[in-house]
Student: 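Shown below is the structure under consideration.
To find a chain, count down the sequence lines: A is the first, B the second, and so on, and within it residues start at 1.
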Number of protein chains: 2
Amino acid sequence: MSKGERTRAAILDQALAMTSTDGLTGLTIGTLADRLGMSKSGLFAHFGSKEQLQAAVLERAAELFADTVVRPALAQPRGLPRVLGLFENWIAWTMDPVLPGGCPIQAASIEFDDRPGPIQDLIVKQQEDMRRVVIGATRRAVEEGHLRADLDVEQFAFEGISLCYGFTQSYRLLKNPKSEVWARNAVHGLIDRARVRQ
Amino acid sequence: MSKGERTRAAILDQALAMTSTDGLTGLTIGTLADRLGMSKSGLFAHFGSKEQLQAAVLERAAELFADTVVRPALAQPRGLPRVLGLFENWIAWTMDPVLPGGCPIQAASIEFDDRPGPIQDLIVKQQEDMRRVVIGATRRAVEEGHLRADLDVEQFAFEGISLCYGFTQSYRLLKNPKSEVWARNAVHGLIDRARVRQ
DNA sequence: TTGACAATAGTACGACCGTTCGTATTATTT
DNA sequence: AAATAATACGAACGGTCGTACTATTGTCAA
């Protein structure tokens with residue numbers, strides 16, 4: 001790992017934290033450089049433009065999400081444990097103090113939902129990737145016989161993902177201590193209703 | 001209605017549209033004045049500070065939300081129709097082209113969930129007001145015997161509100177044409193499960 | 001119609017934005 | 001050790017930001 005790669009990684013770590021609280025637009029090259037004790041221009045040279053910096057931050061966030069949420073869940077035995085793992089890890093991710101201001105991708109998706117361009121395209125791609133992961137795991141659970149054969153997996157994914165979003169709102173902004181219980185109850189209820197009745 | 005009040009209202013209408021797409025931070029006095037064909041300073045004089053402008057925009061948004069979502073729902077017969085009305089109107093509100101960029105309050109709540117201050121306080125208050133409205137209507141539906149007596153109304157509200165948020169995501173960013181059907185199905189399912197079994 | 005005051009415009013400010021440039025320093029390769 | 005590439009720096013650019021002042025215009029009752 002060269003020196004450049006190392007500082008680039010350090011920059012992205014700090015940028016991720018900053019984006020998490022201030023958003024991709026609030027992420028500013030000057031203050032980011034200050035926090036890292038380096039010059040604006042030196043930092044800038046690593047990315048070439050603010051937009052490319054934003055894209056790099058999003059990609060780093062997606063990596064972190066994959067490491068924290070997706071991969072551990074997919075390491076579970078296939079079928080229902082994976083589906084449950086996805087949601088449980090997602091809830092934990094939302095509470096993870098590593099990102100002081102909550103999931104940067106979720107924040108960015110609202111920030112950019114009306115600003116077409118490469119950043120929006122990237123966010124849409126990331127969100128649809130995640131949707132596909134949930135749908136895939138759910139479909140697998142149906143095939144395994146854990147969930148009902150007539151389950152509408154897209155509807156299921158919509159509801160599950162919505163609950164994770166709602167949890168962010170309730171936990172991050174309203175700071176309601178019951179949020180976690182509500183979210184877990186809701187997710188477990190969603191899964192229970194999708195279970196095969198015996 | 002004096003001249004000042006009229007222009008102030010016109011400013012807020014335009015500011016609301018701008019906030020809806022660009023967020024409360026992206027809302028900028030200069031371009032707002034340009035779009036209204038007036039000077040920065042002339043506009044500025046109406047509010048005294050950007051923060052007060054932001055607060056006024058939020059209050060205007062809440063009024064609009066109350067007129068579009070809450071009041072028509074509360075005009076329904078008490079009990080289940082009101083609860084259903086709230087969610088149906090909320091879904092319609094999210095699709096309403098009056099706000100070109102979706103609900104400004106929802107956008108603001110993610111924008112400000114890590115920026116303490118008077119604006120965050122106002123957003124929290126608005127969100128909790130809305131939560132109280134949902135909970136109140138639901139509790140009423142329980143009292144009327146439309147919904148199960150043992151229903152956890154807070155859990156119910158959490159799930160319903162989460163679905164409305166998830167719908168925004170799916171409809172506004174991903175532009176998935178199935179979003180509306182998913183959201184309606186989910187809300188109706190939520191209500192059906194809360195119904196008294198006969 | 002005039003006088004008082006509200007409403008708007010004009011101008012200027014300091015701060016910060018993303019970006020560019022030339023240059024110095026440090027790593028890496030030869 | 002020399003040559004070259006990779007990194008980082010400081011200063012400056014044109015712009016835009018929110019805000020402060022002052023001047024001008026418009027409104028409306030007496």
Student: Atom CD of B:Glu5 and atom C1' of C:dT8: how far apart are they, to the nearest Å?
Tutor: 16 Å
Student: Name the pairs: protein N/O against N/O of nucleotides 19-24 of chain D, kept only if under 3.5 Å.
Tutor:
residue : atom : partner : partner atom : Å
D:dT19  : OP2  : B:Lys50 : N            : 2.5

Student: Which residues, if any, of residues 7-14 of chain B bring a heavy atom under 4.0 Å of DNA chain C?
Tutor: B:Thr7
Student: Which is true for A:Leu27 with a 4.0 Å heavy-atom rule: it touches a base, it touches only sugar-phosphate, or it touches nothing?
Tutor: sugar-phosphate
Student: Can you list every pair that meets side chain to side chain donor-acceptor pair (under 3.5 Å) and has a residue in residues 73-87 of chain B, with sequence neighbours left out?
Tutor: none
Student: Just to verify, what does B:Tyr171 make a ring-ring contact (aromatic ring centres under 6.0 Å, His included) with, not counting sequence neighbours?
Tutor: B:Phe167
Student: Is any side-chain N of the basic residue among A:Glu143 and A:Arg140 closer than 4.0 Å to the acidic one's carboxylate O?
Tutor: yes
Student: Is the shortest side-chain N/O distance from A:Thr28 to OP1 or OP2 of C:dG18 below 4.0 Å?
Tutor: yes
Student: With sequence neighbours excluded, tell me which residues meet side-chain contact (heavy atoms from CB on, under 4.5 Å) with A:Thr21.
Tutor: A:Pro100, B:Asp114
Student: In whole angstrom, give the distance that lies between atom CZ of B:Phe47 and atom P of C:dT8.
Tutor: 11 Å
Student: In whole angstrom, what separates A:Gln54's CD from C:dC17's P?
Tutor: 14 Å
Student: Base, sugar-phosphate, or nothing: which does A:Ser39 touch, judged by heavy atoms less than 4.0 Å apart?
Tutor: base
Student: Base, sugar-phosphate, or nothing: which does A:Ala45 touch, judged by heavy atoms less than 4.0 Å apart?
Tutor: nothing
Student: Rounded to whole angstrom units, what separation is found between the CG atom of A:Asp22 and the P atom of C:dC16?
Tutor: 15 Å
Student: Quick one: A:Leu43 CG to D:dA6 P, roughly how many Å, whole number?
Tutor: 19 Å
Student: Assign the ring pair B:Phe156 / B:Phe87 to parallel, tilted or perpendicular, where the plane angle (0 to 90°) is split at 30° and 60°.
Tutor: tilted
Student: Apart from B:Val181 itself, which Ile, Leu, Val, Met, Phe, Trp or Tyr residues share its cluster (side-chain heavy atoms under 4.5 Å, direct or through members)?
Tutor: none
Student: To the nearest Å, how far apart are A:Lys3 NZ and D:dT7 C1'?
Tutor: 6 Å
Student: For A:Leu24 and C:dG18, give me the distance from atom CG to atom C1', rounded to whole Å.
Tutor: 15 Å
Student: Can you list the residues that meet the ring-ring contact (aromatic ring centres under 6.0 Å, His included) rule with B:Phe158, with sequence neighbours excluded?
Tutor: A:Trp182
Student: Without placing hydrogens or testing angles, list every side-chain donor-acceptor pair under 3.5 Å for residues 52-61 of chain B, not counting sequence neighbours.
Tutor:
residue : atom : partner : partner atom : Å
B:Gln52 : NE2  : B:Phe47 : O            : 3.4
B:Gln54 : NE2  : B:Leu24 : O            : 2.9
B:Arg60 : NH1  : B:Glu63 : OE1          : 3.2

Student: So does A:His46 get a side-chain nitrogen or oxygen closer than 4.0 Å to the phosphate oxygens (OP1/OP2) of D:dA8?
Tutor: yes
Student: State which residues pass side-chain contact (heavy atoms from CB on, under 4.5 Å) with B:Thr31; sequence neighbours excluded, sorted by chain then number.
Tutor: B:Met18, B:Thr28
Student: CD of A:Gln52 versus P of C:dG18: gap in Å, rounded?
Tutor: 14 Å
